[in-house]
Asks: 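What follows is a single structure, and I will ask about it in a moment.
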Amino acid sequence: MHELSLCRSLVRQATLVAAEHGAPGIRRVCVRIGPLSGVEAELMREAFPLASRHTAAEGARLEMTTSPVRVHCPRCEREAEARVNDLSCPLCGHWQTRLTGGDELLLVSVDLAAPIAAPSVPSSP
């Protein structure tokens, strides 16, 4: 289950973002996963709470979106969306395409908790 180590890496990156901005916590972590990334979304969902325990991301929500498989065709010089099990060019049928998307796992955004405001002290006259 390499999803746990991937989640630990995401939490580490999100925690660095929170520290850079002085945020006390993380509310949401958004990632984009390609179908060829080798990542199981359901396992990521299960691993995230374990990976974020006792960190600034504890209790944060993990949101995942999927990206399409995209290929560039050298024959017709176009990029197109392809199927997971067929990376040939859907426009001209050429089989020697170059994968340009769909194998990624990207940290897209991190929503931070706002710092708690210090109580205001009335000034003495």
Asks: Atom OG of Ser37 and atom CG of Leu106: how far apart are they, to the nearest 0.5 Å?
Replies: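 Taking OG in Ser37 and CG in Leu106, the distance rounds to 9.5 Å.
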
Asks: With no hydrogens and no angle check, is any side-chain donor or acceptor of His72 less than 3.5 Å from a backbone partner on Ala80?
Replies: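 Such a contact is absent between His72 side chain and Ala80 backbone.
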
Asks: For residues Gly38 and His2, report the shortest heavy-atom separation together with the two atoms involved.
Replies: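 It is O-NE2, 3.1 Å.
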
Asks: Is the backbone of Ser9 close enough, under 3.5 Å, to the side chain of Gln13 for a donor and an acceptor to pair up by distance?
Replies: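 Pair absent, no side-chain N/O of Gln13 close to backbone of Ser9.
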
Asks: Go through the structure and list residues passing side-chain hydrogen bond (donor to acceptor under 3.5 Å, both in side chains) with Arg28, not counting sequence neighbours.
Replies: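 Only Glu63, Asp111 meet the side-chain hydrogen bond (donor to acceptor under 3.5 Å, both in side chains) criterion with Arg28.
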
Asks: Holding to side-chain hydrogen bond (donor to acceptor under 3.5 Å, both in side chains), I want the full list of residues that pass it with Thr66, two or more places apart in sequence or in another chain.
Replies: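 side-chain hydrogen bond (donor to acceptor under 3.5 Å, both in side chains) list for Thr66, sorted by chain: empty.
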
Asks: May I ask you to check whether Ser67 and Glu104 show a side-chain donor-acceptor distance below 3.5 Å?
Replies: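 The answer is yes; a qualifying pair exists.
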
Asks: If you take all heavy atoms of Cys73 and Cys89, which pair is closest and at what distance?
Replies: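 What the structure gives for the nearest pair is CB-SG, 3.6 Å.
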
Asks: If hydrophobic residues (ILVMFWY) are linked whenever their side-chain heavy atoms come closer than 4.5 Å, directly or via other members, who joins Phe48 in its cluster?
Replies: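 Joined to Phe48, directly or through intermediates: Leu6, Leu10, Val11, Val17, Ile26, Val29, Val31, Ile33, Val39, Met44, Leu62, Met64, Leu105, Leu107, Val110, Leu112.
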
Asks: How long is the straight-line distance from CZ of Arg45 back to SG of Cys7, given to the nearest 0.5 Å?
Replies: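 Between Cys7 SG and Arg45 CZ, I get 10.5 Å after rounding to 0.5 Å.
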
Asks: Check this for me: Glu40, atom CD, are more than 12 non-hydrogen atoms of other residues, nucleotides or ligands nearer than 6.0 Å?
Replies: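 Open: at most 12 neighbouring heavy atoms sit under 6.0 Å from CD of Glu40.
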
Asks: Flag the pair Glu79 and Arg70 as a salt bridge only when some basic side-chain nitrogen lies within less than 4.0 angstrom of an acidic carboxylate oxygen.
Replies: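 Looking at Arg70 together with Glu79, the answer is yes, because their closest N to O distance falls below 4.0 Å.
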
Asks: Please report the closest heavy-atom contact between Pro49 and Ser52, naming both atoms and the distance.
Replies: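 Minimum heavy-atom separation between Pro49 and Ser52: O-OG, 3.4 Å.
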
Asks: Quick one: are His94 and Cys76 in side-chain contact, heavy atoms under 4.5 Å?
Replies: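 No; the side chains remain at least 4.5 Å from each other.
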
Asks: Would you name the heavy atoms of Leu87 and Ala82 that are closest together and state the gap between them?
Replies: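 Looking at all heavy atoms of both residues, the shortest contact is CA-CB, 4.3 Å.
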
Asks: Arg27 and Ala113: which non-hydrogen atoms are nearest, and at how many Å?
Replies: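 Of all heavy-atom pairs spanning Arg27 and Ala113, the closest is NE-CA, 3.8 Å.
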
